[in-house]
Amino acid sequence: MTRPLGGFLKRVLEGEQHVLGRFFGPVERGIYRVAGIQADREQSWSQYTLAIIVFKIICFVVVYALLRLQGALPLNPNGMGAVAPDLAYNTAISFLTNTNWQSYGGETSMSYLSQMLALTVQNFVSAAAGIAIAAAVIRGFTRRSASSIGNFWADLVRTTLYVLLPICVILTLFFVVEGVPQTLAGSVTALTVEGAHQTIALGPVASQEAIKMLGTNGGGFFNVNSAHPFENPNALTNFVQMLAIFALGAGLTNMFGRMVGKERQGWAIFSAMAALFLTGAAVTYWSEAHANPLLHALGIDPSLGNMEGKETRFGIIGSALFATVTTDASCGAVNAMHESFLPLGGMVPLVNMMLGEVIFGGVGSGLYGFLLFAIIAVFMAGLMVGRTPEYLGKKIEAREIKMTMLAVLCLPLVMLGFTALAVVVPSGLSALSASGPHGFTEALYAYTSAAANNGSAFSGLTANTFWNVTLGIGMMAGRFFVIIPVLAIAGAMAAKKTAAPTPGTFPTDTGLFIALVIGVILIVGGLTFLPALALGPIVEHLTMLRGTLF
Amino acid sequence: MVFHLPHSEATHGGRQPEHRSQGSLMQTSLLLPAIGESFRKLDPRIMWRNPVMFVVEVVTILTTVLLIRDIVAGGTHLGFAIQINLWLWFTLLFANFAEAVAEGRGKAQADSLRRTRTETLGKRLLMNDEGGYSHLGLYEEVPAPELAVGDVVLVQAGDFIPSDGEVIDGIASVDESAITGESAPVIRESGGDRSAVTGGTRVLSDWIIVRITAAQGSTFLDRMISLVEGAQRQKTPNEIALTILLAGMTLIFIFAVVTIPSFVHYAGGHISVLILVALFVTLIPTTIGALLSAIGIAGMDRLIRFNVLAMSGRAVEAAGDVDTLLLDKTGTITIGDRQATAFVPVSGVTEHELADAAQLASLADATPEGRSIVVLAKEKFGIRGRDMNALGAHFVPFTAQTRMSGVDVGDRQIRKGAVDSVIACLGEAVPSVEQIRQIADEIARQGGTPLAVADNTRLLGVVHLKDVVKGGIRERFAELRRMGIRTVMITGDNPLTAAAIAAESGVDDFLAQATPEAKLALIRSEQASGKLVAMCGDGTNDAPALAQADVGVAMNTGTVAAREAGNMVDLDSDPTKLIEIVGIGKQLLMTRGALTTFSIANDVAKYFAIIPAMFVGFYPALSALNIMHLATPESAVLSAIIFNALIIIALIPLALKGVRYRPVGAASLLRRNLLVYGIGGLIVPFIGIKLIDMLVTSIGLA
């Protein structure tokens with residue numbers, strides 16, 4: 001699936017001929033005409049970055065306004081009122097940064113118009129922006145002595161129109177067939193067998209579900225996300241959802257390979273990501289397949305594993321795999337409560353995010369995040385073979401290293417800094433549902449999820465104003481303080497000459513390089529968090545073995 | 001015959017790289033001043049240049065202030081605190097010591113150079129009536145520092161050359177041992193490519209008139225002194241990039257460490273600043289941070305001891321990156337002179353007859369080519385050299401007009417010379433002309449030079465003169481190819497001959513009938529495709545190409561223009577050295593890379609030593625992470641910090657000597673270094689910290 005998708009992505013983003021262009025070409029040109037975009041005018045890296053920022057500001061204003069005014073706007077069958085300012089701010093940031101952290105419960109606070117026009121639209125364009133940036137970065141590597149890295153507006157429109165929309169239409173139809181509701185009608189109230197009234201929330205779920213996965217957004221229609229039977233009714237949809245999460249992230253590695261002219265380069269990245277994914281999935285499954293040893297001691301059958309917080313229709317494998325997938329990619333959709341995972345099982349999603357969402361990752365962001373680590377790996381490897389390091393023929397010099405370090409620095413700063421703040425101030429502490437290491441993990445998970453633009457939550461956390469504000473800052477920092485240096489690198493790379501490979505250049509498409517990148521990701525990306533992890537899940541795991549729970 | 005082998009003793013004559021400073025890396029005479037220097041370098045204004053160690057210094061001062069406060073206030077656990085403090089200061093001193101040792105070696109060399117820069121008097125010539133200068137003309141004695149650029153001085157036998165200059169008249173043998181360390185005198189003469197003279201060298205015989213080209217303070221000797229002293233040392237591009245990487249990692253670990261107190265507060269525990277500082281210092285890449293500048297200085301120093309002066313560290317780094325090597329054919333790929341290798345007679349003439357005539361014609365010919373004909377005839381047919389006088393022979397020397405030489409014995413006129421000249425002399429009518437031409441073309445195709453031999457009006461045949469490719473050069477080119485370097489031979493020969501020699505020597509490509517413009521164009525086109533080019537040259541016409549090349553090695557015997565244009569000067573004037581220079585450049589980068597990898601890989605073990613020690617007070621369960629089973633939390637922290645300091649000292653020899661470079665492909669080089677320094681870096685500290693812990697516990701330090 002990776003190859004055809006990669007090939008198609010390349011055609012779209014290189015502006016080449018493709019099947020869909022014949023049908024939707026007029027639509028594309030129409031959009032350009034209406035918006036006054038000159039699609040063939042190339043932008044320098046700073047213009048490209050500026051375009052993104054302008055676009056994001058517009059998005060923020062629109063989403064914020066829609067949420068605040070939703071009470072007065074149509075398509076609101078359930079009569080939702082205006083969203084509170086801090087929540088509206090948090091939600092707007094969350095969706096435009098492709099994080100989709102949800103401090104709200106979808107079915108209890110959002111009108112259908114908000115869901116569709118504010119949130120679903122952002123699901124599309126924030127994902128498209130991610131892919132556009134990845135494409136711009138790749139162009140930086142492929143162009144020689146160039147001053148431009150593409151046109152953001154054209155990349156944005158093309159990705160949305162030719163990649164995200166068509167695939168989403170297919171996915172939506174599939175989900176509808178499998179029983180996911182797609183309606184504009186209001187909630188249904190049912191009389192349950194016990195005689196109580198239960199409100200069954202409905203809405204245009206299937207369409208949002210499709211882009212939520214494909215665009216690694218993860219913002220569910222309902223509060224409990226993909227654990228909800230209307231979002232993710234059965235094991236088949238569960239599988240398709242996981243596939244959709246990885247699809248574009250994996251496809252982009254292939255697009256990378258194709259654009260740089262050597263598919264093997266793409267497969268090398270793919271392999272490194274796959275190796276990290278499989279390790280994470282195996283650890284989570286191993287952890288969850290064993291029941292909580294303390295319950296076992298109470299005489300409960302351990303053969304089921306740890307089923308707390310999991311849906312029986314997915315089971316251990318479906319849940320463990322989903323948790324790994326959703327945190328590898330920066331999706332953040334959940335089909336089980338990560339909080340209820342055993343400590344080590346819950347640590348894997350946490351570590352996945354701490355590594356910067358580079359295991360397939362968010363659409364686009366996974367690839368450029370990975371490239372940052374690749375640059376560091378190349379730099380060290382280059383030194384070790386006695387040459388000025390080069391990646392794909394581009395020399396890695398002081399400027400690139402500076403930008404790379406800026407981008408890499410931003411994650412621990414946000415993740416650790418805000419956690420340190422939250423676990424000492426009262427307004428931070430009051431939101432935690434658990435105490436001790438487990439409560440600590442909740443806080444760490446929240447900021448990690450925000451900065452990594454994942455958006456999944458450990459649950460348990462009741463986000464209040466303090467959290468809404470700090471998480472919002474974290475999400476912005478995690479997105480833009482990475483994007484800006486990354487595009488600066490792209491600009492610097494594009495301006496460089498490309499050297500042809502010689503036997504003296506070490507190959508970046510071999511197992512050795514893959515192993516080196518994995519090592520760099522784990523040591524540079526992961527080691528920073530070891531003290532924090534030791535005080536969270538690790539100590540929790542060790543004390544659980546000694547018989548204490550939190 | 002002595003072949004001019006790149007590695008043979010004949011070339012370097014015992015002047016192997018180490019010849020400037022014999023003896024071990026760590027001479028005691030260098031160590032003592034270095035210890036004093038390590039304390040002087042604690043000055044924050046000097047430390048500032050090295051961000052990683054500067055941060056260490058800041059936190060060390062902080063803990064020392066806290067320690068003094070505790071001592072005054074009468075705190076507990078003082079013994080432990082004092083030890084940690086001591087080791088923190090040791091870490092700083094060890095780092096400074098590494099740099100001081102590296103610098104010390106340069107300083108010692110600079111001092112010996114300074115001693116040779118004697119105060120001399122220059123004999124400034126006055127212009128004569130015709131506006132020129134004569135070695136018999138009037139001169140005034142002027143102290144060397146007062147000589148200005150453009151002044152003309154006379155240097156006679158026994159005089160020191162007062163300053164750098166260009167010979168404008170005369171020829172002299174010059175002792176340049178002060179600069180090159182080579183005691184055999186060299187010839188310096190006006191015109192041509194051997195016209196540059198260096199201030200501080202001494203004329204042994206004859207006289208030369210020199211036009212001064214360098215003002216006092218910017219002479220070659222001055223530059224050399226400041227280079228070996230490292231006074232002008234600036235960080236090289238790659239070193240800057242690495243410094244940024246290390247500074248970034250330091251920042252990351254600042255975040256990791258400063259957030260811990262808050263986490264610990266949440267967990268209801270307490271943690272002392274001292275422990276945090278210890279964790280921080282062990283985590284940040286101090287090993288490479290401490291050794292980084294020493295590696296750079298040692299790299300330059302290695303070149304200097306190899307008798308190559310790099311004008312900047314940038315050039316040394318560029319040498320490691322070289323993709324294309326331009327080599328002159330003569331003197332580098334082939335030995336300087338052509339050798340006779342075969343006699344090819346025309347039909348009706350025996351080979352013996354041809355050899356005999358050719359030898360006779362060459363007996364009085366002192367050129368290497370002539371002598372090689374004599375030798376070949378003797379080797380092949382046992383024809384001994386005969387006494388010219390006994391034969392009553394009369395030697396006819398080579399002239400530019402006839403382009404032939406030979407001998408008259410009685411009425412026999414034996415001539416040898418270029419095929420066309422001999423035929424032109426005898427006329428087209430003589431027999432065998434066609435056959436001679438065919439033979440000559442065949443020889444040219446094989447890369448040889450044909451030399452026709454005629455006895456009176458009879459054409460006997462052709463002597464095959466061949467460029468002799470140096471022994472072992474083919475293997476060197478194969479080695480370079482494995483290193484990923486393309487070799488291009490530069491020659492003035494016609495393409496046919498050039499192709500034949502290229503094939504024989506195994507170069508990857510050649511540039512025939514090379515003009516300075518063609519060389520320059522070749523370098524530009526290589527660079528346009530992103531390649532780095534190295535070349536060496538000595539002539540003025542090489543200057544533009546030397547300046548254009550990324551690594552331009554000028555021969556010390558070359559002209560002033562060439563020496564100015566290049567960014568390295570080879571004092572031995574040995575063009576094959578380019579190959580070693582590339583190796584030294586690579587070694588410099590490899591050493592940095594290896595130690596960086598080692599430093600970062602070390603962190604894993606240090607975490608496992610300190611994290612359990614840090615948190616076990618309030619989360620006893622975390623003692624499970626103490627996989628090294630270190631005795632107590634105190635001993636664990638102390639051992640980690642001691643290991644961190646000692647590893648710097650332990651790696652100083654490696655930093656100075658450099659990681660060994662082998663000319664194998666990049667992939668296998670990377671695999672090896674990753675294994676040694678990456679995996680090794682993971683394992684070594686586990687063992688080291690455990691051992692130190694056992695020692696520390698057994699002698700009761702913690």
Side-chain angles (χ1 to χ4, degrees), chain A residues 144 376 379-388 393 396-398 400-402 404-406 408-409 412-413 416-417 419-421 423-424 429 436-437 439-440 496-500 502-507 510 512 515-516 519 523-524 527-532 534-535 538-539 542-543 545-546, chain B residues 237-238 240-242 244-245 248-249 251-253 255-256 259-260 262-267 317 320-321 323 481-486 528-531 585-587 589-590 592-594 596-597 600-601 603-604 607 611 614-615 619 621-622 624-625 661 665-667 669-671 673-674 677-678:
Chain A
R144 297 165 182 220
I376 298 179
F379 186 76
M380 306 214 340
L383 287 182
M384 274 192 286
V385 301
R387 277 177 75 92
T388 296
I396 310 287
E397 290 165 310
E400 290 75 54
I401 291 294
K402 193 189 292 174
T404 305
M405 288 318 281
L406 274 181
V408 172
L409 269 175
L413 176 64
L416 295 174
T419 309
L421 185 67
V423 295
V424 288
L429 283 171
F440 179 77
K496 285 177 200 260
K497 288 186 258 185
T498 307
T502 70
T505 2
F506 73 90
T510 60
L512 191 64
L516 182 66
I523 292 188
V524 176
L527 222 47
T528 326
F529 299 101
L530 204 59
L535 293 175
I538 293 177
V539 74
L542 293 171
T543 42
L545 297 181
R546 293 183 169 203
Chain B
N238 182 268
I240 292 172
L242 184 55
I244 293 172
L245 181 80
M249 303 206 58
L251 267 178
I252 290 182
F253 285 118
F255 301 151
T259 49
I260 290 177
S262 151
F263 299 167
V264 170
H265 177 264
Y266 168 84
E317 258 174 26
D321 287 352
D323 301 287
R481 207 168 297 121
R482 282 200 300 278
M483 285 160 68
I485 295 171
R486 202 166 75 93
S529 62
K531 289 180 175 150
K586 284 191 179 295
Q587 206 185 16
L589 293 189
M590 277 171 55
R592 280 188 199 139
T596 306
T597 310
I600 293 172
D603 277 1
V604 176
Y607 262 128
I611 285 187
M614 207 160 53
F615 300 142
Y619 284 143
L622 281 177
L625 289 184
Y661 175 69
L669 208 57
L670 179 63
R671 191 174 312 121
N673 283 335
L674 262 186
Y677 300 98

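Lettering follows sequence order; numbering is per chain, from 1.
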### Query
Under the 3.5 angstrom rule, does the side chain of B:N238 hit a backbone N or O of A:T388 as a donor-acceptor pair?
no

### Message
Would the distance check show the side chain of B:Y607 and the main-chain N or O of A:L530 forming a donor-acceptor pair, the cut-off being under 3.5 Å?
### Response
no

Look at [options] and state which one has the largest set of heavy-atom pairs under 4.5 Å with chain A.
options                : value
B:G585, B:G320, B:G678 : B:G320
B:Y661, B:Y677, B:F615 : B:F615
B:I260, B:D603, B:D323 : B:D323
B:A267, B:A621, B:A624 : B:A621

Is it the backbone or the side chain of [X] that comes under 4.5 Å from a heavy atom of chain B, or both, or neither?
X      : value
A:T498 : backbone
A:I396 : neither
A:I376 : side chain
A:P507 : side chain
A:A532 : both

### Query
With B:S262, which of A:L416, A:V423, A:L421 fulfils side chain to side chain contact (heavy atoms under 4.5 Å, CB included)?
A:V423

Report the distance from atom [atom1] of [X] to atom [atom2] of [Y], rounding to the nearest 0.5 Å.
X      : Y      : atom1 : atom2 : value
B:L622 : A:T543 : CG    : OG1   : 8.5 Å
A:E400 : B:L245 : CD    : CG    : 13.0 Å
A:L535 : B:Y619 : CG    : OH    : 6.5 Å
A:T510 : B:L670 : OG1   : CG    : 7.5 Å
B:L251 : A:M405 : CG    : CE    : 8.0 Å

### Task
Just do the side-chain contact (heavy atoms from CB on, under 4.5 Å) check on B:N673 and A:V385 with the steps written out, would you?
CA-CA 8 Å; B:N673 283 335; A:V385 301; 5.9 Å; no

Heavy-atom proximity to chain A below 4.5 Å, by part of [X]:
X      : answer
B:R486 : neither
B:I611 : side chain
B:I485 : neither
B:T597 : both

### Task
Would you check if A:P412 and B:F253 make a side-chain contact, meaning some heavy-atom pair closer than 4.5 Å?
no

#### Entry: Heavy-atom side-chain proximity of B:I252 to A:V408 below 4.5 angstrom
yes

Give the minimum heavy-atom separation between [X] and [Y], together with the two atoms involved.
X      : Y      : answer
B:A594 : A:M384 : N-CG, 3.7 Å
B:L625 : A:A534 : CD1-CB, 4.5 Å
B:R671 : A:L512 : N-CD2, 3.7 Å
B:A241 : A:I401 : O-CG2, 3.4 Å
B:H265 : A:V424 : ND1-CG1, 3.5 Å
B:G593 : A:L383 : CA-CB, 3.4 Å

#### Entry: Greater than 12 external heavy atoms within 6.0 Å of A:R144's CZ
no

### Query
Do other residues, nucleotides or ligands put more than 12 heavy atoms under 6.0 Å from the NZ atom of A:K496?
yes

### Message
Shorter than 4.5 Å, heavy atoms on both sides: which option in A:L527, A:I523, A:I538, A:T419 has the most such pairs with chain B?
### Response
A:L527

### Task
Mind checking ring-ring contact (aromatic ring centres under 6.0 Å, His included) for A:F440 and listing every partner two or more places apart, or none if nothing turns up?
B:F263, B:Y266

